[in-house]
Amino acid sequence: ALSQSGVYVVVVTDVNGCVNNAQTTVLINANPSVIASGGIYCVGNSASVTASGGSVYNWSGPNGFTSNLQSPQLGNATFSLAGNYVVLVTAANTCTSINSASVGVVQLVQPTISNNGPICINQQLSFTSSGGYIYSWVGPNNFVSNQANPSILADDMGYAGTYMLTVADNNGCSNSVSTQVVINPLPTGELVSSSTKNCVPFCANFSVTSTNSNLQATTWINTNGGTVTGNVLSRCFTTAGDYNFKAVYTDNNGCSNTSSFVATAYPLPVADFNFTPEKPIEAIDEVYFTDATTIGGPATQWTWWFMNNSTIRLQQNPTFVFENPGTYPVA
């Protein structure tokens, strides 16, 4: 023990009773106080051990490992490196002490990752993952998230692309995986019809064509909420008015879009006219005919028949002279 250091005196007496003495100094040096440490390392990361408290270090460990460095590197962590590493430490006073450091190696996390694509633009994009303790997502359009299962509204085609997920466990070991997101655009449709404006009664066929997609189905919704499914809508109109229709069409990616249109049914014109004088004199008075059509909107074309349809006038307000007395139909 260190307390035994000091001066030691020896007294010697011979057979004649004579006495003498001698002394010596004894110094007991302290053993070095050694601190050794290892750690838990992720597979593939750089592993090492370290010690302090002396001047010379001699390590030994699994797989015949030896080193005289104070902090030797063990290389990339593999399961074969795990174990107990012993260090013999020599101080400047040549005293020695032994300590050990434990090295553990843990497997990297193996995350799973998926998304709900392909989706259509303006749909919810959802991700699912597992296998970790801490989650970190990065992706297109500056997307970031620390949720395990994040979700965003994909209202821009820029959200398509590669999303990277880095997952860490409670040992700090991390691993990264990626998933590819496909976003499909909405189909664009154009109304094709045999007639969208006509006089009653009339019938027409309506269909939708697309320049960027193969349409698979179309649902037609009319003013009163009725629906018809089919690529072609056939309708007959017997009452004048505007008829609103909405076409909901779906392409081969399952994406749907909507187009609205109006079919106009014009009422039939009710022809009428006035004339003056009411009792013209044959071969003298010029009879003035005035258009009095009031139903069906403004007229754009007129055809008048006189003298048993033998004479035609195309003006809106024609004149005519009856050469002989009698009763004459005018149409």
Report the distance from atom [atom1] of [X] to atom [atom2] of [Y], rounding to the nearest 0.5 Å.
| X | Y | atom1 | atom2 | value |
| --- | --- | --- | --- | --- |
| Gln301 | Gln316 | CD | CD | 12.5 Å |
| Tyr41 | Cys173 | OH | SG | 11.5 Å |
| Ile152 | Asn141 | CD1 | CG | 7.5 Å |
| Ile121 | Asn184 | CD1 | CG | 10.0 Å |
| Ser130 | Ile113 | OG | CD1 | 10.0 Å |
| Tyr249 | Cys255 | OH | SG | 12.0 Å |

Got a donor-acceptor contact below 3.5 angstrom from the [X] side chain to the [Y] backbone?
| X | Y | answer |
| --- | --- | --- |
| Asn115 | Gln180 | yes |
| Asn31 | Cys95 | no |
| Ser97 | Pro32 | yes |
| Asn63 | Ser80 | yes |
| Asp169 | Asn171 | yes |
| Asp285 | Val287 | no |
| Asn116 | Leu125 | no |

**Val106 reachable from Tyr85 in the ILVMFWY side-chain graph, under 4.5 Å edges** = no
**Request:** Verify ring-ring contact (aromatic ring centres under 6.0 Å, His included) between Tyr243 and Phe245, making sure each step is shown before the conclusion.
**Result:** CA-CA 7 Å; Tyr243 296 84; Phe245 290 88; 7.0 Å; no
If we count only N and O atoms by modelled type, under 3.5 Å, do the side chains of [X] and [Y] hold a donor and an acceptor together?
| X | Y | value |
| --- | --- | --- |
| Glu286 | Thr319 | yes |
| Ser210 | Glu190 | no |
| Asn205 | Ser234 | yes |
| Asn308 | Ser310 | no |
| Thr264 | Asp242 | yes |

**Request:** With ring-ring contact (aromatic ring centres under 6.0 Å, His included) as the test, would you mind laying out the steps for Phe273 and Trp304 before giving the verdict?
**Result:** CA-CA 10 Å; Phe273 64 89; Trp304 298 78; 5.1 Å; yes
Using a 6.0 Å cut-off, check whether atom [atom1] of [X] has over 12 heavy atoms from anything other than its own residue.
| X | atom1 | value |
| --- | --- | --- |
| Tyr133 | OH | no |
| Leu69 | CG | yes |
| Asn142 | CG | no |
| Ile40 | CD1 | no |

**Audit row: Ser60, Thr66, side chain to side chain donor-acceptor pair (under 3.5 Å) steps and yes/no** = CA-CA 4 Å; Ser60 62; Thr66 60; over 6 Å; no
**Message:** For Phe306 together with Tyr328, are the ring centres under 6.0 Å from each other?
**Reply:** no
**Request:** Answer yes or no: is there a side-chain heavy-atom contact under 4.5 Å between Val12 and Val10?
**Result:** yes
**Message:** In terms of relative ring orientation, are Trp137 and Phe143 parallel, tilted or perpendicular, with 30° and 60° separating the classes?
**Reply:** perpendicular
**Request:** Classify the ring geometry between Trp220 and Phe261 as parallel (under 30°), tilted (30 to 60°) or perpendicular (over 60°).
**Result:** perpendicular
**Asked** Looking at Tyr163 and Gly161, what are the two nearest heavy atoms and their distance?
**Response** CD1-O, 3.6 Å
